[in-house]
Amino acid sequence: MRLSQILISTLREDPADAEIPSHRLLARAGLIVKIAAGVYTYAPLMWRVVQKFAQIVREELNREGANEVMLPIIQPKELWVASGRWDRYVNDGIMFTLKDRKGTEMCLGPTHEEVMTTYVNAQVNSYKQMPVNCYQIQDKFRDEIRPRFGLMRGREFIMMDAYSFDADVAALDAAYQKMRNAYCRIFERCGLDYTVVQADSGAIGGAGSEEFMVIADSGEDSILYCQQSGYAANVEKAASKLPDAPNGGEPKKMERHATPDVKTVAQLQAFFPGWEAGRMAKTLLYHVTWKAKVKVIAVMMRGDLEINEVKLTNTLDALSVRLATDDEIKAATGAETGFAGPVGLRDDVPLIADESLRDRTNLLCGGNESGFHCLNVNLGVDCRMPSFKDLRTARAGEGCPISGHPLQQARGIEVGHIFKLGIKYSKAMSATFMDQQGKPQPFVMGCYGIGVSRTPAAAVEQHHDEKGIVWPASIAPFECVVAMLDPKRDEQVVLAEQIYQKLKAAGVDACLDDRPLSPGAKFKDHELLGFPVQIFVGRRAAEGFTEFLLRRGMQKSEVAVADLTAQVLAALGR
RNA sequence: CGGGCCGUAGCGCAGUCUGGUAGCGCGAUUGGUUUGGGACCAAUAGGCCGUGGGUUCAAAUCCCACCGGCCCGACCA
């Protein structure tokens with residue numbers, strides 16, 4: 001391709017609304033253009049990037065026997081009612097809904113479990129037809145509460161989702177493993193530094209799930225990992241071994257103390273010298289929403305630790321949880337915020353506690369009365385015995401649950417997520433096949449997503465410098481650019497053309513920069529656009545020499561034309 | 001949805017406090033000179049100052065409402 005024929009519009013200045021490197025660079029390079037919040041046009045060079053990545057995804061999925069299909073973007077409400085997800089997605093506000101001419105409610109697909117399950121259910125009647133794995137690569141729509149970071153969190157975005165259908169759990173496990181392997185190959189081929197972490201399965205539900213995280217400071221997810229054991233988990237899911245808190249000793253008689261205006265753990269430590277946070281048990285009131293009811297419940301946590309609301313939601317099998325408001329707290333405990341405790345808590349307020357409080361004695365708790373706290377509280381003696389659950393947010397520095405070594409923390413961009421769904425959707429939607437006994441059974445499903453527009457952005461996040469993007473060769477818009485510095489000089493034009501043709505003949509995805517720009521402008525453009533290998537045909541063209549630049553590291557050397565193709569192939573690892 | 005902020009030429013911004021001719025840089029167009037780090041000279045084009053209402057002799061500027069957008073938070077296959 002000749003760059004003179006491609007729409008390229010790099011900006012001299014950073015766009016005003018971009019924060020993170022990938023958004024800033026993709027916008028400045030003119031590769032993405034915003035049309036509304038979280039909605040972007042992909043410029044020709046960016047579309048090449050997306051297509052190259054999508055092709056890698058296809059090749060690796062096809063290798064595992066998956067079938068590419070095209071599913072509708074517009075979906076009828078009834079499918080979502082059948083799976084039980086309409087209300088949740090609409091209430092969460094992320095569903096784009098619309099009505100057709102007849103007034104039938106439809107939505108723009110935020111994901112495709114419903115459609116795919118319906119499709120496969122109609123086609124697959126027998127266990128003999130499985131395993132089946134279908135995927136699609138296309139636009140998805142989510143009216144994100146807060147779109148941001150360019151392609152990282154858009155409202156319209158490109159995604160690959162694959163769905164596997166099997167007759168039993170063992171077959172699902174095999175399908176899952178195949179997809180996991182394919183995912184590893186995909187992200188390796190993109191040159192990404194990624195980690196597979198245990199994850200919460202969230203709104204989509206199901207048994208096990210793992211996320212593929214690209215490590216980057218701008219990542220929206222926090223992950224904890226251990227190099228010794230290989231353990232890695234999203235902080236939403238992570239477990240850890242805790243260092244012991246100070247022992248409370250033999251149970252003593254509870255004391256009630258006036259603590260006016262002392263509300264926080266820090267204030268309590270100052271008020272009661274010698275009582276460390278680890279000997280306190282804070283009690284937080286949560287407003288919990290289930291499908292058919294809402295309730296305020298009390299959750300106890302050791303004073304020096306934090307509640308993990310994802311774990312709390314899962315433990316309670318709730319749709320959502322949020323901290324209770326001051327009014328709700330007063331209604332439930334009779335006390336102002338800051339004095340809630342288990343002692344004398346109303347019987348109709350359920351009480352649960354984190355495992356870190358099991359068997360702990362002589363705790364410091366809120367008094368359930370404004371201005372009072374209790375010392376030497378013993379659970380099950382001075383108050384109800386709570387049920388104990390893992391509700392704690394694991395933190396860096398705590399022990400790895402496998403090796404005990406201190407956990408380390410990093411930020412990650414979620415580029416892939418794989419789930420063992422089981423029969424959650426097939427059962428809800430009555431999607432069944434005939435088993436060997438001739439009895440209908442629900443499909444055992446898995447689902448597997450990759451952010452197709454997000455992954456290239458993540459690649460930029462990981463591969464850039466102060467001058468611009470440094471594309472990994474496998475997804476670069478072109479592997480190599482051949483630029484004539486002065487298109488008015490015939491020897492440069494002729495030589496550049498020759499080199500370009502030779503590279504193409506050698507199988508290099510090359511482009512020719514024949515634009516009538518000054519040399520400086522071309523240098524800047526190519527630094528920003530990030531072609532991995534850059535060849536400049538300039539003042540030494542007549543002598544048969546060119547300049548050879550590797551974008552990563554910006555190493556520049558003079559190379560004779562005769563050696564050029566070999567050098568380019570070597571630089572591309574071929 | 002809570003908190004903070006912003007809408008002025010294609011992009012980046014000044015002007016708004018203190019009402020009175022709408023500006024700067026980049027980009028674009030034309031002509032000329034250039035050609036190794038976003039060239040130079042000259043000329044030109046380009047604005048319902050987000051929208052609607054109000055105050056005023058007079059509104060980009062003051063007031064109200066709405067719309068759009070950004071950041072923090074909550075939220076989030």
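Sequence lines set the chain letters: A, B, ... in the order given, protein chains first and strands last, and positions in each chain run from 1.
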Using a 4.0 Å heavy-atom cut-off, does [X] contact any base of the nucleic acid, only the sugar-phosphate backbone, or nothing at all?
X         : answer
Glu210(A) : nothing
Lys34(A)  : sugar-phosphate
Arg148(A) : base
Lys467(A) : nothing
Arg28(A)  : base
Tyr163(A) : base
Arg153(A) : base
Glu414(A) : sugar-phosphate

Qualifying residues under side chain to side chain contact (heavy atoms under 4.5 Å, CB included), relative to Asn234(A), sequence neighbours excluded: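 Partners of Asn234(A) under the side chain to side chain contact (heavy atoms under 4.5 Å, CB included) test: Val197(A), Glu211(A), Met213(A), Asp221(A), Glu236(A).
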Going by the rule side chain to side chain contact (heavy atoms under 4.5 Å, CB included), which residues pair with Ala175(A) if we only count those two or more places apart in sequence or in a different chain?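 Once residues adjacent in sequence are excluded, the partners of Ala175(A) under the side chain to side chain contact (heavy atoms under 4.5 Å, CB included) criterion are Ser164(A), Asp166(A), Tyr448(A).
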Electrostatic pair [X]:[Y] at N-O distance under 4.0 angstrom:
X         : Y         : value
Glu461(A) : Arg454(A) : no
Glu19(A)  : Arg148(A) : no
Asp465(A) : Arg551(A) : yes

Would you please say whether a donor-acceptor pair under 3.5 Å links the side chains of Ser209(A) and His417(A)?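 Looking only at side-chain atoms, His417(A) and Ser209(A) do form a donor-acceptor pair, the distance falling under 3.5 Å.
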Could you give the CD-to-C1' distance, from Glu309(A) to C76(B), as a whole number of Å?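 The distance from CD of Glu309(A) to C1' of C76(B) comes to 14 Å, rounded to the nearest Å.
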Take Phe531(A) and His526(A) through the ring-ring contact (aromatic ring centres under 6.0 Å, His included) test and state the conclusion after the steps. CA-CA 6 Å; Phe531(A) 301 116; His526(A) 296 141; 5.6 Å; yes
Watson-Crick or G-U wobble partner of G47(B), both distances under 3.5 Å: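 Matched G47(B) with nothing under the 3.5 Å cut-off.
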Report the base-pairing partner of G20(B) (Watson-Crick or G-U wobble, both distances below 3.5 angstrom), or none.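 Because both required distances fall under 3.5 Å, G20(B) counts as paired with C57(B).
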Contact list please: residues 7-23 of chain A against RNA chain B, heavy atoms, distance less than 4.0 Å, in numerical order.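 Contacts with RNA chain B under 4.0 Å: Thr10(A), Leu11(A), Arg12(A), Glu13(A), Asp14(A), Ala16(A), Asp17(A), Glu19(A).
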Of all residues at least two apart in sequence or in a different chain, which pass the ring-ring contact (aromatic ring centres under 6.0 Å, His included) check with Phe548(A)?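 Partners of Phe548(A) by the ring-ring contact (aromatic ring centres under 6.0 Å, His included) criterion come out as none, since no residue qualifies.
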Taking syn as any angle within 90 degrees of 0 and anti as the rest, which one fits U30(B)?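 Glycosidic conformation of U30(B): anti.
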Taking only the side-chain heavy atoms of Ser518(A) (C-beta and beyond), determine which of A39(B), G36(B), C75(B) contains the nearest atom.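 Shortest atom-to-atom distance from the side chain points to A39(B).
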If we take the P atom in both A42(B) and G37(B), what is their distance in whole Å?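 Straight-line distance between the two P atoms is 22 Å.
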Between N or O atoms, less than 3.5 Å apart, protein on one side and nucleotides 28-32 of chain B on the other: list the pairs.
none

Show every salt bridge (Lys or Arg N to Asp or Glu O under 4.0 Å) that has at least one partner inside residues 30-47 of chain A, sequence neighbours left out.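 Checked against salt bridge (Lys or Arg N to Asp or Glu O under 4.0 Å) - neighbours excluded - the pairs reaching residues 30-47 of chain A are Asp17(A)-Lys34(A).
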